[in-house]
Amino acid sequence: MAASAPKESYPDRQLPPDVIEERLAALYTALGRRPEAGKPLRITGIGAGAWGSCFVAMLQQMYGNRPDLVDVRIWRRAGKVVSKETISALLQVINSQEAVLRRLRNSSVYLKYVSGRLGDRELTADEILTDGLCLNLPTSPLCPLKVVTNLEEAVYDSDILINGLPSTETRKVFERIAAILKASCNPDALPVVISLSKGVETRMEPHPHVVTPTRIIHEVTGIPLNRILYLGGPNIAAEVWRGEYATARLCGTGKPLRTALALFLRNSNFVCWNNSDVITHEVMGGLKNAYSIGMGIITAATNNSATSKAVYFSNAAAEMVFVTRLLSERPEDLQGPLLADTYVTFLKGRNAWYGERLGRGEFHPRDGDVVPGKGLIQGVSAVHAFCELLSNEQVKVFDKVTQEDVCPIHVLPTLRMIKTVLDSTGDMVTAAARFHAEMKDASATDPAKRLRTRDMYCAMLTQLPGQVAEEQDDDEDDLEYKITSLSMRTRTLSETQVNPTVQALSSPSSRSSLRKESLQAAGDKATAV
């Protein structure tokens, strides 16, 4: 009796044909259109980092048996040559996994890796990705993928774009995508975008504000915000790929679309819920990367002390909640996937890994924030962005310890300490020891006594210039927001509007008044500049 062929080291996520048809029917209904005869739903991943590649590969597994109904592809830049050392490491992984070895041999591509290992030919990152080998997931071979290196070809006629780019690359690439869409796409049929990107941009003009990846995409492409969603959760790409149970939230302002998409993304080990609070989830995605660097530093400075790491987690979580309360009008609590995403990133994410290497003196900030085999350490840019925003004199909060109005950064000692380490030019081991000592001082005051978490919202910090969120009654479990353009105004701001102070207010009517004044101030300044 012949032995059965070895299985790949990842689960079979293939969906039954009837389930595919049911999900597609629900999705087309949410999109408000009918499927076109002979045209499959086209899903294109933009960027081939670890999580972006894993996410697209899961979709390929789920829907790849019906290419007539769903076409899945991924775009990455062409021409990145893979080093001989990397090919050697990949070949060891291939040879250690019999199913992968047989697949590559049977498709007549195995020998090119041997030739690459010997230096007889060059291999590029896009070429090996077609075989399921991702540079940022070197020990976790994926399924074969359809890889496109021409951005126009990748984007053209796509129904769904998956943004797997770092936040620092999102604007540049989506500016190119905007030009492609303008030239080739029906304005009434713009694609839906699911952004996996975590991080923020900071701008000081015409008023201090952060721009999250979903808003970057909206700003440069003109795709409506209700068609741009954010997906985040406690997901380590390699573990999710090999079948570890995982959850995530798909956040968007349109309930029918996010509900249908969340169902469309579910598979045997990946459960996707839906939520309306985009801002909190995106901001928290950037914050947890920033604070994860500090967790790594503490790990190194204390030789992995569980107690010290728990104290750090307590301080960091308090500060993260404070920042989200400042930036989001009706923020989600730090629980569920938000808390779990923070936990797993602190525990095993690349930012914590990077912070630990800094603390042990193995890396130095001057070496840059791109690490071979790990990719971009997004927490570095996030630390600088949040510190710049929260140091701005136009925004004040009440410090319960000093009883004074101060910039938010003054009540965030942990974030300040992380930036100090990243700005350091000296010995990293010494900097990590100082970080630990200063954490003790910062912990002398209970964060609950230092940080207010109610009535904190400052609207201008997350509103794009010329736009404002209208308040709307709660729809049971949903909080929907409409984005409307502000009418032109000619009057200038008073001094109190230019420097709004977030204060504790005693009544609901007073809190509502403050929100309206903050929104008015943001809009007036945007039109006055």
Side-chain angles (χ1 to χ4, degrees), residues 168 199-202 204 208 210 283 286-305 308-323 326 342 345-346 349-371 376-393 395-397 399 401-402 404 406-445 447 450-451:
T168 52
V200 296
E201 287 184 354
T202 303
M204 295 300 110
V210 293
V283 168
L287 283 172
K288 57 99 178 176
N289 284 339
Y291 281 93
S292 290
I293 294 176
M295 177 60 84
I297 296 170
I298 284 296
T299 300
T302 65
N303 197 25
N304 202 27
S305 163
S308 293
K309 289 164 66 176
V311 172
Y312 175 84
F313 185 88
S314 173
N315 291 350
E319 292 190 12
M320 292 167 69
V321 169
F322 173 86
V323 175
L326 194 63
T342 301
T345 306
F346 279 19
R350 77 179 73 173
N351 293 280
W353 176 90
Y354 173 78
E356 185 173 353
R357 269 57 190 180
L358 287 180
R360 298 192 187 283
E362 298 172 19
F363 291 163
H364 197 283
R366 63 170 170 261
D367 299 328
D369 55 3
V370 177
V371 178
L376 179 68
I377 308 300
Q378 298 190 52
V380 175
S381 62
V383 169
H384 294 299
F386 281 114
C387 284
E388 181 182 20
L389 176 76
L390 301 172
S391 299
N392 193 279
E393 291 294 332
V395 184
K396 300 287 188 180
V397 296
D399 186 343
V401 176
T402 65
E404 295 177 345
V406 297
C407 295
I409 195 66
H410 288 288
V411 297
L412 303 172
T414 305
L415 185 60
R416 291 201 315 269
M417 292 188 301
I418 299 170
K419 186 175 188 303
T420 298
V421 173
L422 294 178
D423 289 342
S424 175
T425 59
D427 177 67
M428 283 292 101
V429 175
T430 303
R434 188 181 305 116
F435 183 95
H436 181 217
E438 291 179 359
M439 184 185 76
K440 296 177 183 178
D441 292 338
S443 303
T445 302
R450 185 178 70 244
L451 299 173

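Positions are given from 1 along the sequence.
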(message) With heavy-atom distances below 4.5 Å as the criterion, would you say the side chains of P413 and M439 are in contact?
(response) no
(message) Aromatic contact between F313 and F346, with the criterion being ring centroids under 6.0 Å apart: yes or no?
(response) yes
(message) Rounded at 0.5 Å granularity, tell me how far NZ in K309 sits from CD1 in I298.
(response) 10.5 Å
(message) To the nearest 0.5 Å, what is the distance between OG on S381 and CG on N289?
(response) 8.5 Å
(request) Measure the spacing between OG1 of T202 and NE2 of H384 and express it to the nearest 0.5 Å. (result) 11.0 Å
(request) Indicate the atoms forming the closest heavy-atom contact of A316 with Y291, along with that distance. (result) CB-CD2, 3.6 Å
(message) I need the L415 CG to M320 CE distance, nearest 0.5 Å.
(response) 10.5 Å
(request) Can you see which heavy atom on R416 is nearest to which on V411, and at what distance? (result) NH1-N, 4.2 Å
(message) Strictly distance-based, threshold 3.5 Å: is any side-chain N or O of R360 a donor or acceptor partner for the main-chain N or O of A301?
(response) no
(request) Using atom types as modelled and distance alone, determine if a side-chain donor or acceptor of S424 lies under 3.5 Å from a backbone N or O of T420. (result) no
(request) Would you please say whether a donor-acceptor pair under 3.5 Å links the side chains of T414 and E319? (result) yes
(message) Applying the side chain to side chain contact (heavy atoms under 4.5 Å, CB included) criterion to M417, which one of E438, R434, H436 satisfies it?
(response) E438
(request) Could you tell me the separation between the OG1 atom of T168 and the CD atom of Q378, rounded to the nearest 0.5 Å? (result) 6.5 Å
(request) Decide yes or no for N392 and C407: does some side-chain heavy atom of the first lie under 4.5 Å from some side-chain heavy atom of the second? (result) no
(message) Please find the pair of heavy atoms, one from A290 and one from A382, that lie closest to each other, and give the distance.
(response) CB-CB, 4.1 Å
(request) Look only at the side chain of S292 and the backbone of A352, and say whether a donor-acceptor pair between them is shorter than 3.5 Å. (result) no
(message) Less than 4.5 Å apart, side chain to side chain, heavy atoms only: is that true for L326 and P408?
(response) yes
(message) Let me confirm one number: the CD1-CH2 distance from I293 to W353, rounded to the nearest 0.5 Å.
(response) 12.0 Å
(message) Test your reading of the model: is there a side-chain donor-acceptor pair from S314 to the backbone of A310, 3.5 Å cut-off?
(response) no
(message) Tell me whether H364 contacts the main-chain N or O of D427 through its side chain, where contact means a donor paired with an acceptor under 3.5 Å.
(response) no
(request) With the side chain counted from C-beta on, respond yes when L358 and L422 share a heavy-atom pair under 4.5 Å apart, and no when they do not. (result) yes
(message) Using modelled atom types and a 3.5 Å cut-off, is there a donor and acceptor pairing between side-chain atoms of R350 and backbone atoms of I377?
(response) no
(message) Testing T342, N351, T345 one by one against K288 for a side chain to side chain donor-acceptor pair (under 3.5 Å), which residue passes?
(response) T345
(request) Keeping the roles fixed (side chain from S305, backbone from T302), state whether a donor-acceptor pair exists under 3.5 Å. (result) no
(request) Taking the side chain as every heavy atom from C-beta outward, state whether V371 and L376 have any atom pair closer than 4.5 Å. (result) no
(message) Treating Y354 as the side-chain partner and D369 as the backbone partner, does any N or O pair qualify as donor plus acceptor under 3.5 Å?
(response) no
(request) Could you check K419 against I409 for side-chain contact (heavy atoms from CB on, under 4.5 Å), going step by step and ending with a plain yes or no? (result) CA-CA 11 Å; K419 186 175 188 303; I409 195 66; over 6 Å; no
(message) Between F435 and I418, is there a side-chain heavy-atom distance shorter than 4.5 Å?
(response) yes
